[in-house]
Amino acid sequence: MKSIEEQLKIIKRGVVELIPEEELIAKLKEGRPLRVKWGADPSAPDIHLGHSVVLNKLRQFQDLGHKVIFIIGDFTARIGDPSGKSETRKPLTPQEVKKNAETYQEQVFKILDKKATEVVYNHNWLSKLNMEDIFNLAAKYTVARMLERDDFMNRFEKERPISIHEFLYPLVQGYDSVEVKADIEVGGTDQKFNMLVGRELQRDYKDKTQVVITMPQVILTMPLLEGTDGVQKMSKSLNNYIGITESPAQIFGKTMSISDDLMMRYYELLTNENLEAIKQLHPKEAKMKLASILITKFYNAKEAQKAAEGFDAIFKQGGTPEDIETAVVAKKELNIIDLLSETKLASSKTDAKRLVGQGGVSVDGEVIKDEKQTVSLDRERLIKVGKRRFLKVKNA
RNA sequence: GGAGAGGUAGCGAAGUGGUCAAACGCAUCUGACUGUAAAUCAGACGGCUUACGCCUUCGAAGGUUCAAAUCCUUCCCUCUCCA
């Protein structure tokens, strides 16, 4: 095991806040594998680069000999979180949760070391709490303190609804820390409040759980990664994400489309590259390198190489990518509009007409201007919509 | 329980009987320019139709009217103040 100093150096890389550092040092001095908690809600099992910031940190802990306790928030996912206003997230069935949780794990273990990870489901203890337990839990915190949380305060000030049970979420998450006897909890800066609640609850429940917790969990917050738009945090609902299960070509393309400023941010949070050295590169070269690093991480170096070559082929030489999907259409010949809508390249016929009218559609490299044009499928045709959507179409 | 305000397209926000498929902003999409970047500029942005036009949309359901996002009734939901 590395020295305390070495461990601290690695642990602190990229971290926003470490609360409190002295306690972490004290824990590290005990020389045992620490229990590092990380919780996830399996309602949308799609991990993207934003999540990977925290996952990388967890992996670092594992590489230092510590253990990750991965809590799958299946209980909370089943209840549903109504933070949106019109679209109350519908509660998931146990089957859905189970399926999501499995998918989630597959993705998580692209980054985490399975051997050093303990996977637990929080329904195991949460579903056993009775009304009395819940009252006790709820009594630990006050409304004023709950409203300290940014998210709640904002909504409160903007006169947006906050449901009572949402106040329970931080408590429940904190209670998880009690159950799993966490030494450290890692999360995004948006989780700071919830994680701090965990600290307090661990102190409060010290006697009840009969666990000797010398010190409550240490909090470690990681920055929230901006999405490809460079402004808002990466999230699936904003459609500004790069998912780790996306194809190498997609990851490459999306990475290339981010702004130069954002690129440096990604380098900082997602790689271990020397930032000064990167700044010396031509921005385009640097961006291609970043894309390759990411693909190597989620796939392998070969795929990264392939994606880079494919990218060059398309955009430098005006060619097309190699792995284009092929759609099969029943008819031998059909109108370009129908073709676009049937292959889902356009969301509707009106949309298809718009695209053609704006010169955004080409077949076998030829731009189609006339929306009445028919496309014969006597052989495979290559359809291109916009700058980066390709589809091969052939007759069945 | 009482009083008041409000629910409009992905989001924010105008619109208070016909000229409303609904201004404007953001997001998105397409084109130009580029490094498939950003920024900028131009255009599009409910659906169906070659088109005239037709159909569906303004919390929900009914109703008034030649005509409703706009008026009436009931219901659902949110916020504020009082208790």
Side-chain angles (χ1 to χ4, degrees), chain A residues 80 82-90 147 152-166 226-242 247-267 278-279 281-292 294 307-321 324 334-338 340-342 344-362 365-374 383-390:
Chain A
S83 44
K85 103 178 155 176
S86 53
E87 46 171 333
T88 300
R89 208 181 288 167
K90 57 175 183 251
L147 283 173
F152 286 147
M153 201 59 211
N154 286 339
R155 281 159 68 188
F156 190 68
E157 279 175 352
K158 284 183 184 160
E159 301 181 354
R160 293 282 158 76
I162 302 172
S163 301
I164 300 293
H165 82 284
E166 292 185 75
E226 292 85 353
T228 50
D229 58 7
V231 182
Q232 292 183 276
K233 78 167 186 177
M234 184 174 284
S235 84
K236 201 181 177 190
S237 54
L238 292 170
N239 198 25
N240 61 357
Y241 71 105
I242 299 177
S247 72
Q250 279 175 310
I251 294 177
F252 208 102
K254 284 192 182 182
T255 305
M256 290 306 287
S257 78
I258 64 176
S259 73
D260 293 357
D261 290 341
L262 191 60
M263 170 178 75
M264 290 316 291
R265 178 88 171 144
Y266 279 26
Y267 261 112
I278 295 300
K279 279 181 193 160
L281 297 173
H282 181 280
K284 193 195 167 194
E285 295 305 317
K287 214 176 280 176
M288 289 188 87
K289 183 174 175 170
L290 173 64
S292 295
L294 294 175
E309 281 166 9
F311 179 84
D312 262 348
I314 305 166
F315 299 107
K316 265 192 186 160
Q317 297 144 35
T320 51
I324 302 175
L334 72 170
N335 179 270
I336 183 67
I337 303 300
D338 295 327
L340 290 174
S341 85
E342 271 188 41
K344 297 278 180 349
L345 283 168
S347 60
S348 68
K349 289 190 178 180
T350 305
D351 187 36
K353 278 179 199 170
R354 268 197 296 270
L355 289 167
V356 171
Q358 293 177 136
V361 177
S362 73
E366 234 173 281
V367 176
I368 297 205
K369 288 279 188 190
D370 183 2
E371 57 186 51
K372 286 180 208 159
Q373 184 151 341
T374 54
I383 317 286
K384 183 183 178 193
V385 175
K387 280 174 184 162
R388 59 183 88 164
R389 274 184 291 162
F390 293 89

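Order of the sequence lines sets the chain letters (A, B, ...), proteins ahead of strands, with each chain counted from 1.
On the C1' atoms, rG35(B) is 23 Å away from rU28(B), given to the nearest whole Å. rU70(B) and rG7(B): their C1' atoms are spaced 15 Å apart (whole Å). Annotation: rC76(B) and rC24(B) have their P atoms spaced 37 Å apart (nearest Å). Only the C1' atoms considered, rC58(B) is 14 Å distant from rG6(B), to the nearest whole Å. Using atom P as the reference point in both rA69(B) and rG63(B), the two lie 16 Å apart (nearest Å). The C1' atoms of rU57(B) and rA9(B) are separated by 8 Å, rounded to the nearest whole Å. To the nearest whole angstrom, the two P atoms, one in rA38(B) and one in rA27(B), are 12 Å apart. With both ends at atom C1', the span from rA68(B) to rC72(B) equals 12 Å, rounded to whole Å.
As rounded to whole Å, 10 Å separates atom C1' of rU36(B) from atom NZ of Lys287(A). Distance Tyr266(A) OH to rA38(B) P: 13 Å, rounded to the nearest Å. Per the geometry, CZ belonging to Phe252(A) stands 12 Å off C1' belonging to rG35(B), to the nearest Å. Between Gln250(A) atom CD and rU36(B) atom C1' there is a gap of 15 Å when expressed in whole angstrom units. Taking atom CE of Met263(A) as the reference point, atom P of rA38(B) lies 13 Å away to the nearest angstrom. Spacing between atom CD1 of Ile258(A) and atom P of rA38(B) amounts to 10 Å, rounded to whole angstrom units. The distance between atom CD of Glu157(A) and atom P of rU80(B), rounded to the nearest whole Å, is 12 Å. Remark: P of rG35(B) and CG of Leu262(A) are 20 Å apart, rounded to the nearest angstrom.
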Interface polar pairs with nucleotides 3-6 of chain B, N/O, under 3.5 angstrom:
none

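Between the side chain of Gln358(A) and the base of rG31(B), no donor-acceptor pair of N or O atoms lies under 3.5 Å.
Contact annotation: Arg389(A) reaches the phosphate of rU30(B) (side-chain N/O to OP1 or OP2, under 4.0 Å).
Ile258(A) and Met263(A) make their closest contact through CD1-CA, 3.7 Å (heavy atoms, listed as atom of the first residue, atom of the second, distance). Here the shortest heavy-atom pairing between Ser292(A) and Phe252(A) reads OG-CE1, 3.9 Å. The shortest non-hydrogen separation linking Ile162(A) to Phe152(A) is CD1-O, 3.5 Å. Shortest non-hydrogen contact noted between Ala307(A) and Ala249(A) is CB-N, 4.4 Å. Across all non-hydrogen atoms, the minimal contact from Met256(A) to Lys287(A) is O-CD, 3.4 Å. Closest heavy-atom contact between Pro283(A) and Asp260(A): CB-OD2, 3.6 Å.
Looking at the side chain of Glu159(A), the nearest of the listed nucleotides rU80(B), rG35(B), rG12(B) is rU80(B). Between rG35(B), rU78(B), rG12(B), one nucleotide has an atom nearer to the side chain of Pro161(A) than all others, and that is rU78(B). Checking rU78(B), rU30(B), rC33(B) against the side-chain heavy atoms of Lys387(A) singles out rC33(B) as nearest. Taking the side chain of Leu355(A) as heavy atoms from C-beta on, and the options rU36(B), rG35(B), rU30(B), the nearest nucleotide is rU30(B). Nearest to the side-chain atoms of Lys372(A) among the listed nucleotides rU50(B), rG12(B), rU36(B) stands rU50(B). Candidate nucleotides rG47(B), rC29(B), rU80(B) were compared by shortest atom distance to the side chain of Arg354(A), and rG47(B) ranks first.
Place Ser257(A) and Gly386(A) on RNA chain B by their nearest nucleotides, and Gly386(A) ends up nearer the 5' end. With the nearest nucleotide of RNA chain B identified for both Val361(A) and Lys158(A), Val361(A) has the one nearer the 5' end.
Searching all strands for a Watson-Crick or G-U wobble partner of rA21(B) with both distances below 3.5 Å returns nothing. Here rU16(B) sits opposite no nucleotide as a Watson-Crick or G-U wobble pair (both hydrogen-bonding atom distances under 3.5 Å). In a base pair of the Watson-Crick type (N1 to N3 plus N6-O4 or O6-N4) or a G-U wobble (N1-O2 and O6-N3), with each distance short of 3.5 Å, rU70(B) is matched with no nucleotide. The partner of rU57(B) is absent, by the rule that a Watson-Crick or G-U pair needs both atom distances under 3.5 Å. Remark: rU36(B) base-pairs with no nucleotide; criterion is Watson-Crick or G-U wobble with both hydrogen-bond distances under 3.5 Å. Using the Watson-Crick or G-U wobble rule with both distances under 3.5 Å, rC52(B) pairs with nothing in any strand shown. Pairing for rG31(B) goes to rC41(B), judged as Watson-Crick or G-U wobble with the two contacts each under 3.5 Å. As the counterpart of rC26(B), rG10(B) is assigned, both hydrogen-bonding distances of the Watson-Crick or G-U wobble pattern falling under 3.5 Å.
Atom CG of residue Leu290(A) and atom CG of residue Leu281(A) lie 11.5 Å apart, to the nearest 0.5 angstrom. Distance check, rounded to the nearest 0.5 Å: CD1 of Ile242(A) to OG1 of Thr255(A) gives 4.0 Å. Put simply, CG on Asn240(A) and NZ on Lys254(A) are 9.0 Å apart, with the number rounded to the nearest 0.5 Å. For the atom pair Glu226(A) CD and Met234(A) CE, the distance stands at 9.0 Å (nearest 0.5 Å). A distance of 15.0 Å separates NZ in Lys372(A) from CD1 in Ile336(A), rounded to the nearest 0.5 Å. In this structure, Arg155(A) CZ and Glu166(A) CD are separated by 4.0 Å, a value rounded to the nearest 0.5 Å.
RNA chain B is contacted by Ser348(A), Lys349(A), Thr350(A) of residues 345-352 of chain A, taking any non-hydrogen atom closer than 4.0 Å.
If you check every strand for non-hydrogen atoms under 4.0 Å, Lys254(A) touches nothing.
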Expected list for residues 349-356 of chain A: side-chain donor-acceptor pairs under 3.5 angstrom, two or more places apart:
| unit_1 | atom_1 | unit_2 | atom_2 | d |
| --- | --- | --- | --- | --- |
| Lys349(A) | NZ | Asp338(A) | OD1 | 3.1 |
| Asp351(A) | OD2 | Ser347(A) | N | 2.9 |
| Asp351(A) | OD2 | Ser347(A) | OG | 3.2 |

